[in-house]
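In what follows, a structure is listed as structure tokens, so that the remarks can point back to it.
Just so you know, these numbers use all the heavy atoms, side chains as well, and skip hydrogens, waters and symmetry mates. Chain letters run A, B, ... following the sequence lines, proteins first, then strands; residues in each count from 1.
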Protein chains: 2
Amino acid sequence: MSRSTSKAKPAAVSATGDEPPAQPLSRASRSAEGLSIAGVARQAGVSVATVSRVLNAHENVRPATRDKVLAAVDASGYRVNELARNLRTAESRLLLTMVPDFGNPFYAEIVRGIDSVARQHGYFMLLCDTGADAGRERSYFDLLRRRRADGAICLDPATIQQAQADASGALPWVACCEFDPAVGVPYVGIDNYRAAGDAVRHLLSRGHRRIGLINSDIDYLYARQRQQGYLDALSDAGITPLDGWRMNLNSLDYEAGASAAATLMLPPDAPTAIFAVSDTLATGVLHGLRSVGKRVPDDVAVVGFDDISIAAQIDPPLTTIAQPMRELGETAARLLLQRLANPLANVPGVLLPHRLVIRGST
Amino acid sequence: MSRSTSKAKPAAVSATGDEPPAQPLSRASRSAEGLSIAGVARQAGVSVATVSRVLNAHENVRPATRDKVLAAVDASGYRVNELARNLRTAESRLLLTMVPDFGNPFYAEIVRGIDSVARQHGYFMLLCDTGADAGRERSYFDLLRRRRADGAICLDPATIQQAQADASGALPWVACCEFDPAVGVPYVGIDNYRAAGDAVRHLLSRGHRRIGLINSDIDYLYARQRQQGYLDALSDAGITPLDGWRMNLNSLDYEAGASAAATLMLPPDAPTAIFAVSDTLATGVLHGLRSVGKRVPDDVAVVGFDDISIAAQIDPPLTTIAQPMRELGETAARLLLQRLANPLANVPGVLLPHRLVIRGST
DNA sequence: ATGAAAGCGCTAACAC
DNA sequence: GTGTTAGCGCTTTCAT
């Protein structure tokens with residue numbers, strides 16, 4: 001079933017001079033295409049300053065001169081070396097977005113929101129996967145420190161952000177979804193406490209009394225907030241939540257949700273409803289319940305969180321708390337842009353509305 | 001349910017001089033932290049060359065001197081400005097990965113593979129979402145042309161790659177998953193023709209004769225190859241595939257798969273099995289079939305493609321063609337690194353093995 | 001309207 | 001071992 005071919009012809013490398021072929025060189029190899037603004041200037045018979053003016057659409061260039069330059073640019077296939085430009089202008093027009101796991105569909109729509117706003121403002125947005133690892137995150141923050149990017153949006157756990165904030169001085173970044181107001185960094189997110197309460201109250205209204213919570217690792221701030229929302233909603237309903245109803249997972253994988261659900265169903269007085277703090281988890285929960293012979297929602301009801309696109313597709317469709325993912329991303333990007341435009345301004349934290357979406361799983 | 005707060009204090013901006021506060025400046029604002037190698041040299045009482053040597057771990061620096069420099073670096077919180085370094089060394093140590101849609105979980109594991117190899121070799125990998133749009137893709141290729149990245153891995157449709165290859169001269173990039181050997185760019189992927197055949201033959205072995213194909217847009221090379229594999233497998237079995245069994249979708253969304261499946265079930269002699277060219281599509285198909293009252297696999301069998309993590313979780317679990325996603329990414333990264341190390345070398349195309357994973361949906 | 005020249009911060013010869 | 005200096009390719013005064 002496996003094989004290799006060697007069909008690919010080497011993509012025609014344009015005249016590269018005569019350096020030794022097997023050398024891990026990197027500069028010499030661009031001699032052909034790598035001409036500079038000076039070369040263009042020579043070809044056009046003008047000065048580098050004039051070429052630069054044309055390139056940057058400045059006033060004060062005679063149309064005839066402009067045309068000459070443009071022609072030379074065209075003829076030579078010249079591209080500005082942005083490394084040089086950026087060194088000179090001290091900005092890169094690159095924005096970084098750090099996510100803990102880009103396998104989680106939850107982030108996709110957020111990132112699209114960021115991307116579109118960034119693009120609208122002439123920035124490139126590049127995505128980094130930190131794996132929720134503080135070391136890797138630090139290395140990405142280093143890209144900022146070392147001037148390779150102008151700003152960053154961080155979706156990593158608050159604990160990591162915390163460490164970062166301490167070390168980062170006044171680096172231009174904002175927090176999205178995960179944030180700690182105390183860190184003093186602009187942020188956008190939702191009211192996790194209330195959202196969790198809404199989920200639990202919905203379950204209560206369906207008559208459930210024993211409600212389980214499948215939560216992520218508690219070093220996520222949202223995990224603590226949602227747990228509190230869950231606990232208080234139960235208390236408010238006169239219910240004393242049992243510790244055995246709660247599980248904390250260090251993963252949001254489907255598998256993690258599946259096995260957690262199975263575990264939760266073990267005791268004779270197991271919960272009749274489960275609130276999972278992400279749709280990926282809840283999807284796994286559905287699977288886990290099926291595997292131990294429980295029907296949803298007849299035997300056990302399930303509420304998820306996020307409203308990722310698969311939530312409506314699975315069987316049964318998932319009741320969930322919808323986050324305004326696109327807007328979260330867009331807002332984060334705007335906050336960052338604001339901060340870049342005016343580093344001294346007081347950029348606010350903002351909370352966006354969530355929404356309970358009722359489907360077949362409850 | 002919505003509210004805004006203004007809790008965030010402005011992250012202490014270190015002494016910024018006295019420029020007008022409301023200005024969209026960008027250079028002046030870094031005066032405090034933005035000291036250069038010269039500043040460190042002064043503080044340490046050595047020359048810039050020596051500082052550079054220490055920073056780059058060169059030989060020929062007396063331990064005492066090194067310590068002095070390191071102390072100065074530490075004290076000042078100095079960070080190398082990589083814009084300057086890169087301009088000088090003419091490399092950025094940044095790799096770009098372009099995907100058509102990072103909402104598709106299929107790409108996640110591939111990208112992780114790329115990332116880990118890149119990191120091992122001292123490169124950063126940054127992810128770009130092209131939205132399968134030629135214009136956006138071109139703009140990312142421009143990052144290459146303008147020296148902001150050293151190389152790229154492209155997972156976009158072959159048609160787009162084609163256009164790119166024409167215009168890109170000998171830009172350092174490789175293709176992953178989607179590729180056209182004729183384009184002359186190094187690539188890694190699987191044998192889509194055989195994989196599709198394997199899927200169909202599995203369905204045939206289960207006794208199905210009327211087998212539907214839910215395919216993506218035909219301007220993906222893999223779509224054409226899988227279609228051909230499907231057609232030939234049926235022909236080889238003495239079956240004449242009807243046109244009405246085939247659908248082409250311009251999206252891989254769950255929703256697209258769901259409505260396609262419903263449509264496919266309309267005729268009285270509808271297929272008794274469906275081969276969908278991606279697991280996202282197949283997941284939607286399951287939903288679509290449910291919505292028209294068909295049971296899987298009793299009424300209709302379903303085979304997907306990719307083996308993304310959710311495939312095993314849904315009900316019923318999906319029979320699918322597994323792609324070696326991690327290896328695809330790792331191999332792509334290695335090919336690119338090879339190409340960077342030696343631009344003149346003949347980098348081969350490589351095909352990796354796929355695998356039929358049989359689960360409950362067939 | 002155009003050109004000359006001074007750097008942006010760094011590395012790498014080349015001296016000593 | 002360490003310092004001096006010449007660029008990398010660009011933008012931007014300052015002249016003209």
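Take the nearest nucleotide of DNA chain D for A/A38 and for A/R53: the residue whose nucleotide is more 5' is A/A38. Heavy-atom distances to DNA chain C give each of B/V51 and A/P63 a nearest nucleotide, and the one nearer the 5′ end belongs to A/P63. Along DNA chain D, the nucleotide nearest B/E59 and the nucleotide nearest A/E82 are compared for position; the residue whose nucleotide lies closer to the 5' end is B/E59.
Base contact: B/N60 has a heavy atom under 4.0 Å from a base atom. Within the 4.0 angstrom heavy-atom criterion, only backbone atoms of the sugar-phosphate kind lie near B/T50; the bases stay farther away. B/N86 comes within contact range of no nucleotide atom at all, as no heavy-atom separation falls under 4.0 Å.
Looking at the side chain of A/A49, the nearest of the listed nucleotides D/dG9, C/dA4, D/dT11 is C/dA4. Listed nucleotides: C/dT11, D/dC10, D/dT12. Nearest to the side chain of A/Y78: D/dC10. With distances taken from any side-chain atom of B/I37 to the nucleotides D/dG1, C/dT11, C/dG3, the minimum falls on C/dT11.
Distance, A/L87 CG to C/dG9 C1': 6 Å, rounded to whole Å. As rounded to whole Å, 17 Å separates atom P of D/dC10 from atom CD of A/E91. Atom CG of A/L83 and atom P of C/dG7 are 22 Å apart (whole Å). As a whole-Å value, the separation of A/R79 CZ from D/dC10 P is 13 Å. Going from atom CG of A/N81 over to atom P of D/dG9 covers 7 Å, rounded to whole Å. A/R88 places its CZ atom 11 Å from the C1' atom of C/dA5, with the value rounded to the nearest Å. Rounding to whole angstrom units, CZ of residue A/R146 and P of C/dT11 are separated by 11 Å. Summarising the geometry, the separation between CG on A/N56 and P on D/dC10 is reported as 10 Å, rounded to the nearest angstrom.
Between the side chain of A/S52 and the main chain of A/V48, no donor-acceptor pair closer than 3.5 Å is present. The closest donor-acceptor contact from the side chain of A/R93 to the backbone of A/F124 lies at 3.5 Å or more, if one exists at all. A donor-acceptor contact shorter than 3.5 Å links the side chain of A/R136 to the backbone of A/D129.
Side-chain nitrogen and oxygen atoms of B/R85 include at least one within less than 4.0 Å of the OP1 or OP2 phosphate oxygen of C/dT11. Proximity of A/S36 to the phosphate of D/dG9: no side-chain N or O atom is located under 4.0 Å from OP1 or OP2. For the OP1/OP2 pair of D/dT4 and a distance below 4.0 Å, the side-chain nitrogens and oxygens of B/S47 include no atom meeting the criterion.
Between atom CZ of residue A/R112 and atom CZ of residue B/F102 there is a gap of 6.0 Å, rounded to the nearest 0.5 Å. For the atom pair CD of A/E82 and CZ of B/R145, the computed distance is 12.0 Å after rounding to the nearest 0.5 Å.
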